[in-house]
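Data block below; observations after.
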Amino acid sequence: MSAHQYDEGHTVAGWTGFGIATVGTTVAGVGVCVVSALLIGVGLGIVVVSVLVTWALHLTGWGKPPGRRDREQWGMRVRDPSAQAGHAGCVGCRLAGRGRVAEEYTAEERAVAVAVAARGSVPAGEPQADAVVSAAV
């Protein structure tokens with residue numbers, strides 16, 4: 001049994017973004033130490049790229065929705081089947097034109113999302129995933 005009884009949110013999107021941002025802040029830090037505006041700018045540019053990469057991975061299902069996930073969804077290799085339709089209350093999904101605020105979801109749509117989460121991950125693009133997404137929308 002795991003020592004952690006909660007979802008820490010470790011996802012491919014999160015760790016990839018963290019890695020790229022670490023490189024960016026390191027380059028910017030070196031730029032500060034050597035007093036190079038060019039290196040500072042490049043480092044900050046890399047940080048911006050990390051945000052965009054994290055956002056893109058989140059939208060393709062490698063992130064997680066806001067809030068708690070079921071234990072079956074905690075693994076790093078589990079894709080989020082509800083990402084194509086957008087997550088309720090997710091700023092990143094709303095910026096991409098997906099998702100709605102939590103209050104706009106019907107009880108039926110919430111039930112479909114719960115059923116998908118209980119069944120486990122379905123890779124995006126699979127016939128099952130497309131049927132679930134179309135049923136939720």
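We're numbering straight along the sequence, starting at 1. All of these numbers come straight from a predicted model, not from anything done at the bench.
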Revision key, fill the gap. Scanning both residues in full, the closest heavy-atom pair of A13 with H58 reads CB-N, 3.9 Å
Exercise for review: Look at the side-chain heavy atoms of Ile, Leu, Val, Met, Phe, Trp and Tyr, link any pair under 4.5 Å apart, and say whether L52 and V91 land in one connected group.
Suggested key: yes
Practice item. Find out whether L95 and W55 are in side-chain contact, i.e. whether some heavy atom of one side chain is under 4.5 Å from a heavy atom of the other. Key: yes
Exercise for review: Would you give the length of the straight line joining atom OG1 of T22 to atom CD1 of I46, rounded to the nearest 0.5 angstrom?
Suggested key: 11.5 Å
Review point. If you round to the nearest 0.5 Å, how far is CH2 of W15 from OG1 of T54?
Key: 12.0 Å
Review point. Between the side chain of T60 and the main-chain N/O of L57, is any donor-acceptor distance below 3.5 Å?
Key: yes
Practice item. Of all the heavy-atom pairs spanning L59 and A96, show the shortest one and how long it is. Key: CD1-CB, 3.6 Å
**Study point:** Shortest non-hydrogen separation from S50 to I20 and the atoms involved
**Key:** CB-CG2, 3.4 Å
Expected list for residues 27-45: side-chain donor-acceptor pairs under 3.5 angstrom, two or more places apart:
residue	atom	partner	partner atom	Å
S36	OG	L39	N	3.2

